[in-house]
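Data first, discussion second: the structure below is written as structure tokens.
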Amino acid sequence: MAEYLNLPLTVGAQKIENRVVFQPMEGCDCNEDGSPHQLTIEKYLKAARSGAGLVWFEANAVCPEGRTNPRQMMLTRENIDQFKKLVADMREIALRECGIRQVLILQLTHSGRQSIVPMIAYRNPVYEERRPASDENIVSDEYLDTLPEKYAESTRLALEAGFDGVDIKCCHRYLNSELLSAFNRDGRYGGSLENRTRLLRESVLGAIQSC
């Protein structure tokens with residue numbers, strides 16, 4: 001097993017120097033502007049020292065209204081320098097202490113139903129037993145139309161900050177995930193498979209075109 005874990009792996013243009021992955025896990029410990037707090041910094045510097053070939057950063061909101069909490073990570077033009085420093089410090093530590101160049105991925109998300117103010121794809125009585133919502137919380141097609149560009153901009157910022165790539169989060173009933181089951185939603189984002197996958201497909205395309 002140890003020999004396998006030490007094997008390199010090439011994915012596209014990226015060479016991952018071993019099979020150990022530091023998985024994304026939100027700490028809810030960033031500053032209110034979304035930049036890394038000292039607690040966040042310490043966590044990722046430990047990841048750099050771990051020797052993991054791939055460090056997958058926690059969920060990073062692509063817009064303020066898509067945050068799960070006021071201290072969720074959110075890379076912006078205003079705070080990009082803090083991210084640049086963290087990435088540079090991680091690379092220097094990983095190279096000096098472990099002799100590797102880590103691959104760093106930033107996970108992009110819109111929290112949808114789990115946002116501070118719920119932003120839902122459709123009504124769901126099971127979920128709403130614990131967290132009430134109303135028709136006013138249903139996001140419009142026009143709003144969803146704006147999100148691919150937000151994913152694209154977050155991708156551009158991530159690459160500028162020094163990340164090797166991004167991951168578009170589509171799980172845990174967050175917005176992209178919930179839309180996949182929007183069978184009874186009207187409009188461009190509900191009903192057919194084409195419509196239900198529209199936001200995910202266009203967000204991925206926008207991210208690719210930003211590279």
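The first residue in the sequence is number 1, and the count goes up from there. Keep in mind the model is a prediction, meaning the values are calculated, not measured.
A side-chain hydrogen bond (donor to acceptor under 3.5 Å, both in side chains) check over residues 105-116, counting only residues at least two apart or in different chains, returns the pairs Gln107-Asp167, His110-Tyr143, Arg113-Glu128, Arg113-Glu178. Residue pairs meeting the side-chain hydrogen bond (donor to acceptor under 3.5 Å, both in side chains) criterion with at least one member in residues 9-21, sequence neighbours excluded: Tyr4-Arg19.
For Asn69, there are no side chain to side chain donor-acceptor pair (under 3.5 Å) partners at least two apart in sequence or on another chain. By the ring-ring contact (aromatic ring centres under 6.0 Å, His included) test, Tyr44 is found to be paired with Phe57, residues two or more places apart in sequence or in another chain being considered. In this view, Arg131 satisfies the salt bridge (charged side-chain N to carboxylate O under 4.0 Å, His left out) rule with no residue, not counting sequence neighbours. Asp135 meets the side chain to side chain donor-acceptor pair (under 3.5 Å) test with Arg123; sequence neighbours excluded. Applying the side chain to side chain donor-acceptor pair (under 3.5 Å) test to Arg130 and every residue at least two apart in sequence or in another chain returns nothing. The side chain to side chain donor-acceptor pair (under 3.5 Å) check on Ser177 picks up nothing, with sequence neighbours excluded. Under the salt bridge (charged side-chain N to carboxylate O under 4.0 Å, His left out) criterion, Asp81 pairs with no residue, sequence neighbours left out.
With salt bridges taken as basic N to acidic carboxylate O contacts below 4.0 Å, none links Glu153 and Lys150. Salt-bridge annotation for Arg77 and Glu160: present, with a side-chain N of the basic residue lying under 4.0 Å from a carboxylate O of the acidic one. Using a 4.0 Å cut-off between charged side-chain N and carboxylate O, Arg101 and Asp164 make a salt bridge. Taking a cutoff of 4.0 Å between a charged side-chain nitrogen and a carboxylate oxygen, Lys46 and Glu97 do not qualify as a salt bridge.
Cluster annotation: Leu205 is not connected to Leu157 through the hydrophobic network of ILVMFWY side chains, with a link wherever side-chain heavy atoms come within less than 4.5 Å. Both Leu45 and Leu75 belong to a single network of hydrophobic side chains, linked directly or stepwise wherever heavy atoms of I, L, V, M, F, W or Y lie under 4.5 Å apart.
Enclosure of atom CD in Gln38 by more than 12 non-hydrogen atoms of other residues, nucleotides or ligands within 6.0 angstrom is indicated. A 6.0 Å sphere centred on NZ of Lys43 holds more than 12 heavy atoms belonging to other residues, nucleotides or ligands. Other residues, nucleotides and ligands contribute only 12 or fewer heavy atoms inside 6.0 Å of the CD atom of Glu32.
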Let me check something: any side-chain donor-acceptor pairs from residues 185-193 under 3.5 Å, sequence neighbours excluded? List them with distances.
from: Arg185; atom 1: NH1; to: Ala121; atom 2: O; distance (Å): 2.8
from: Arg185; atom 1: NH1; to: Val139; atom 2: O; distance (Å): 3.2
from: Arg185; atom 1: NH2; to: Val139; atom 2: O; distance (Å): 2.7
from: Arg185; atom 1: NH2; to: Asp141; atom 2: OD1; distance (Å): 2.9
from: Arg188; atom 1: NH2; to: Asp145; atom 2: OD1; distance (Å): 3.1
from: Arg188; atom 1: NH2; to: Asp145; atom 2: OD2; distance (Å): 2.3
from: Tyr189; atom 1: OH; to: Asp145; atom 2: OD1; distance (Å): 2.6
from: Ser192; atom 1: OG; to: Asn195; atom 2: N; distance (Å): 3.1

Evaluate Glu78 against Asp33 for side chain to side chain contact (heavy atoms under 4.5 Å, CB included), listing each step before the verdict.
CA-CA 9 Å; Glu78 289 70 30; Asp33 70 345; over 6 Å; no

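Residue Met74 belongs to no hydrophobic cluster, having no ILVMFWY side-chain heavy atom closer than 4.5 Å to its own. Hydrophobic side-chain contacts under 4.5 Å tie Val11 into a cluster, directly or through other members, with Leu9, Ile16, Val21, Leu54, Trp56, Val103, Ile105.
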